[in-house]
Amino acid sequence: MPETVDERMDLITRNLQETLGRDKLRSIMAEREVSIYWGTAPTGRPHIGYFVPMVKLADFLRAGAHVTVLFADIHAYLDNMKSSWDQLKLRTQYYQQVIKAILTTIGVPIDKLRFVVGSEYQLERKYTLDVYRLEAIVSEHDAKKAGAEVVKQVASPALSGLVYPLLQALDEEYLECDAQFGGVDQRKIFTFAEKYLPQLGYRKRSHLMNAMVGGLNGSKMSSSDANSKIDLLDSADMVKQKIKMAFCEEGNIENNPILAFSRAVIFPAFDLWNMNHADAPRRCFEIIRPEKFGGHLSIATFEELQTLFAAKEIHPGDLKNGFAAALVSLLDPIRAFCDTPETQALLAKAYPAPVPAIQADVSRIDLRVGVVTHVAVHPENPAQYVETVDLGPELGERTIVSGIAAHITPEQLTGKSVIVAANVKPSKFRGVASHGMLLAATVAEPAPKVELLVPDEDAKAGDLVTIAGFERKPDAQLNPKHKILEKVMPDFSIDAEGVLVFKSPRADAPVQPKVANNAITVPTLRNAAVA
Ligand SMILES: N[C@@H](Cc1ccc(O)cc1)C(=O)O
């Protein structure tokens, strides 16, 4: 630990973008050991960006500070349920493992740190009461503003996003810290805490802010853009591949994610390692290249690397290779640490592969020809018919209930061919189970009219309806929750000639559904909807 308070203070604040309440922190440090905390909400899979704050924790420890890492599980939930309640425990466990692995890799002694899970104290009576006390004095405006850069901004924001900054402010009191550390994206929450903690009678804390390190494509490091972020467990090949795609312009040192990350992580991590292994050969940033392109370089400081790159003495390809090798050397031990059946199982449960989105397309509906063999008025509802419909050799006869009695007479229906959605989920209409749906055209104006769709004369019971561009793949039974019919039926209509057409997402113009090679029609309605 450095001798003087000023030296220790310099170590705590070096490389930070901004510090609020520096003098206060210094005066505390002159009296006793200070305590600093950093919090993370266990949401998406941690990526290499997590190395950045860890490097600072090393500085804090070396300056003699007590350091707490908070796993803010409740915050992960409050922030638009980025983690569901079920996932939270698992993700918190996973975060704990990998954060400890990162710290170990860069040579931070984890036995000197305190690890806390938010829900362990944030549900206690006193804390809860303080949340309410804050809610009673914080304006909606201030709460919203505080979270604007941290809480995901959505169209119809939930109340939980407003509560988020309140809890983060209270954490400073309950973790008994003198300063909170975070990225500059936390700034508005930090100033919010400075304003409101004193109003509850608590001490205003100091705030230490790291610069943000961007993604590899030159913008923000985002979990949703796979190429912009490197997962902590990516293989060496994957890491090299992503770095190859990274934005890195010759001579450009201003917008250069590789240089930025080298400065924030690679060099500090190598420095720590060299400090802890005084007897071993020093670890350096190595540029390996053939003699004719300048030969091998061992670079000890970031400034040296940056100067050489600015002078175009290091080519982007060589910088990328050197960076990839350095990064892989940091990630190797993390991957090894997590390469146990337990961690792999944990990971699979905490971050399950996304279920493919449900395709609501017409191929899932079993449309076919039926022949109505018998019609009776529903015994308990005169607006409905109970029909017996022959759906051909494969499906046989079915009972189907249709609410068309006001528009069609039993005589008009008996013996006729119709078009049936045969795989709708059976449902009961006042005691009579219906096993299908007859497709009909409807108009509302000038007077409501309904006509059933009619296949051509040659169609037989059981014949299939086909639609160009779609291979029939009907579900055994449509799941009402997937709302396939609701989503697809509006794309059917009757055109100006009285022919059934389908507005296919796979064709430029409407297509005609066919039975064998023939169109489906209605007797008299034109430009009508289909239901
Ligand atoms: N707001 C932090 C997480 C956090 C939550 C609660 C805290 O007390 C501190 C930090 C983030 O964006 O990652």
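Numbering of ligands and ligand atoms starts at 1, following listing order. The model shown is predicted, which means the values in this text are computed figures rather than measured ones.
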To check your reading of the model: name the closest protein heavy atom to atom 5 (C) of ligand 1, its residue, and the distance in Å. Ala72 CB, 3.4 Å

Could you tell me, atom by atom, which parts of ligand 1 come under 4.0 Å of a heavy atom of Tyr164? 1 (N), 2 (C), 3 (C), 11 (C), 12 (O)

Positive for side-chain contact (heavy atoms from CB on, under 4.5 Å) with Thr68, one of Leu57, Asp171, Val116: Val116

Mode of Ile189 contact toward ligand 1 - side chain, backbone, both, neither (heavy atoms, under 4.0 Å): neither

Compute the centroid of each ring, for Tyr121 and then for Tyr127, and state whether the two points are separated by less than 6.0 Å. yes

Hey, is Glu172 one of the residues with a heavy atom under 4.0 angstrom from ligand 1? no

May I ask you to check if Lys56 and Phe181 form a cation-pi contact, with NZ or CZ under 6.0 angstrom from the six-membered ring centre and within 45° of the axis? no

Just to confirm my output: which protein heavy-atom neighbour is closest to atom 8 (O) of ligand 1, and how far is it? Asp171 OD2, 2.4 Å

Atom 11 (C) of ligand 1 sits nearest the protein heavy atom Gln186 NE2, 3.4 Å

Could you pull out, from Glu149, Gln122, Gln168, the option with a heavy atom nearest to atom 4 (C) of ligand 1? Gln168

Side-chain (Glu7) to main-chain (Ala63) donor-acceptor, under 3.5 angstrom: no

Closest protein heavy atom to atom 9 (C) of ligand 1, given as residue, atom name and distance to 0.1 Å: Gln180 OE1, 3.3 Å

Just to be sure I read this right, does ligand 1 sit under 4.0 Å from the backbone of His75, its side chain, both, or neither, counting only heavy atoms? side chain

Residue Val150 vicinity, atoms of ligand 1 by number, heavy atom under 4.0 Å: 1 (N), 12 (O)

Within the 4.0 Å heavy-atom cut-off, what Trp38 brings close to ligand 1 is neither

Look at the side chain of His207 and the backbone N and O of Thr191, then say whether any donor-acceptor pair between them is shorter than 3.5 Å. no

